[in-house]
Amino acid sequence: MSEDLALLSASELARQIRAGKATSRAAVEACLARIDRHNGELNAFVALDAAHAQTTADLADAEAKRGRWHGPLHGVPLAHKDMYYREGRIATCGSKIRRDWVAPATATVLTRLDAAGALDLGTLNMAEFALGPTGHNWHLGHARNAWNPEHITGGSSSGSATGVAARLFYGSLGSDTGGSIRLPAHYCGVVGLKPTWGRVSRANAMPLSWSLDCVGPLTRTVEDAALMLSIVAGPDPADPTAANEPVPDYVAGLARGARGLRIGVPTSFFTEVDGETESVLAEARRAFAKLGAEVVEVPIPDMERVATYFPMVMGPESATIHREWLRTRADDYSGQVRARLEAGLMVPATSYLDAMRARGPRLAEFTDTVFSRCDVLMVPAGTSAAPTVAESEVTGGPDLVAKMTHFPKFTRPFNYLGLPGLSVPAGFTKAGLPIGFQLVGRSFDEATLFAAGHAYQQTTDWHERAPS
Amino acid sequence: MTDRLSDTDARLLAARAGVTLDGDRAHNAAAAAAGPLAAADGQSRTLAFEAEPAQFLAIQQRCKP
């Protein structure tokens with residue numbers, strides 16, 4: 001079976017299936033061949049259901065022959081982080097505690113992707129309970145970076161990022177509480193979108209911190225991310241926190257391009273990156289200028305302060321969610337995750353509420369200061385390319401949280417502010433590891449991020465490169 | 001406000017939530033929370049209804065394009 005089909009983007013595969021140039025079954029077989037060759041090393045999957053994927057692909061092809069189309073992802077194989085519940089299926093959430101837990105209901109986002117015709121190949125590796133920025137998992141085994149298995153994938157959406165990079169499937173849902181979509185996307189050379197808080201329903205997805213959690217796609221192209229968000233976004237009666245905002249046609253909006261956009265470059269906080277990352281960012285800024293965008297320096301508010309509010313929210317909320325298991329099954333957590341959850345118990349209610357009270361005013365301040373001067377803010381997604389699995393392994397100790405804070409330094413502030421962020425691949429280190437940049441926009445303005453990112457990908461080919 | 005809980009206080013605080021922090025777990029948990037606790041202090045001096053947590057959604061609406 002040719003694996004060439006697996007190299008297409010989700011959007012292109014969907015077009016080929018619609019045009020009768022490809023079949024869903026052939027796409028599934030191409031993915032299965034790559035999974036067979038690469039998953040042993042990458043450890044992207046928790047559970048692969050090949051037979052189900054083949055059966056549903058055949059059904060999709062039969063319906064296509066009859067002219068019955070389910071939606072824009074008809075017959076396209078996806079796979080998702082193992083925290084999106086599907087009724088009757090085990091959802092481990094990357095943990096020992098939920099190793100055998102069978103979900104009683106299906107996540108709204110999976111229901112919407114099913115209705116759009118997407119296939120589901122199986123469940124993907126993730127940090128234990130989505131709490132970890134590196135991709136280490138001491139229960140399921142660490143996921144490995146498709147560009148170099150000695151290096152981390154980033155987390156917590158580890159299997160999603162490395163699987164999309166390795167072309168094991170065409171796209172994936174991750175989740176992002178402090179950077180868990182954008183950081184692994186940066187480390188693995190794929191596109192990752194954290195939408196505005198409230199943009200996408202979280203019904204029947206595993207919670208980590210309800211004030212911060214966002215559901216979003218990891219894909220090969222910005223166009224694919226726009227397509228997936230178009231499908232999963234919008235109000236949901238099952239999730240009262242899903243915003244009652246109209247969902248634009250994000251794919252149609254891609255044509256807007258980058259000409260005339262003001263791309264903001266911060267003058268502080270986001271400047272602390274290594275030399276190779278800065279070179280990639282500088283080249284990306286030049287690419288945007290060539291596209292007709294105006295690249296402007298912008299002052300930003302005190303981001304150190306914004307960043308330190310983050311653990312004041314995530315700590316107590318995650319400790320609350322896990323409190324019962326901390327009492328009864330504490331030894332079933334890995335050392336790192338248990339220690340981080342226990343730190344959340346140390347935050348007084350008044351401090352948590354201090355951080356929550358500051359959230360709205362800080363968002364207003366950031367919007368007034370930054371988005372009065374630019375349409376999109378361009379910042380790094382990480383301080384460097386992916387470190388090795390060995391050098392980033394931390395299991396406990398008093399400096400655990402400080403070490404963990406280093407990785408998502410440039411992503412966490414936007415979870416606290418609830419703003420959308422899009423990670424886009426933009427180059428490689430001399431050692432061949434991917435580096436991306438992050439575009440940040442106003443609340444509910446994912447469309448502008450997509451337009452800018454898509455325009456960038458029309459003149460660059462970083463997203464077309466696949467690991468050998 | 002104290003930046004850092006003592007190990008004893010950390011153990012007692014966890015116990016209020018029904019969680020036992022034995023060995024050096026109390027020390028590590030207190031150390032992990034110390035920095036952010038100091039940083040968040042001060043917001044309580046903001047005497048304004050617009051800073052209530054429930055109004056984040058309203059402010060988010062005002063921050064749209």
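Here is how names work: the chains are called A, B, and so on, in the same order as the sequence lines, proteins then strands, and each is numbered from 1. Fair warning: this is a prediction, and the values are worked out from it, not measured in the lab.
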Can you check whether A:Tyr250 and A:Phe450 have ring centres sitting under 6.0 Å from each other? yes
Find the one option among A:Thr320, A:Leu363, A:Thr241 whose heavy-atom pairs under 4.5 Å with chain B are most numerous. A:Leu363
Interface check, chain B: of A:Arg323, A:Arg338, A:Glu245, most non-hydrogen pairs under 4.5 Å belong to A:Arg338
Which atoms of A:Thr367 are under 4.5 Å from chain B, going by heavy atoms: the side chain, the backbone, both sets, or neither? side chain
Quick check: does any side chain N or O of A:Glu128 sit under 3.5 Å from a backbone N or O of A:Ser334, one acting as donor and the other as acceptor? yes
Salt-bridge contact A:Arg442-A:Asp445 (side-chain N to carboxylate O under 4.0 Å): no
With a 4.5 angstrom heavy-atom cut-off, is it the side chain or the backbone of A:Leu417 that approaches chain B, or both, or neither? backbone
How would you list all residue pairs meeting salt bridge (charged side-chain N to carboxylate O under 4.0 Å, His left out) that involve residues 408-421 of chain A, not counting sequence neighbours? A:Glu272-A:Lys409
I'd like to know if the side chain of B:Gln60 and the backbone of A:Trp197 have a donor-acceptor N/O pair within less than 3.5 Å. yes
Select, from A:Leu345, A:Leu419, A:Leu326, the one with the greatest count of heavy-atom pairs under 4.5 Å involving chain B. A:Leu345
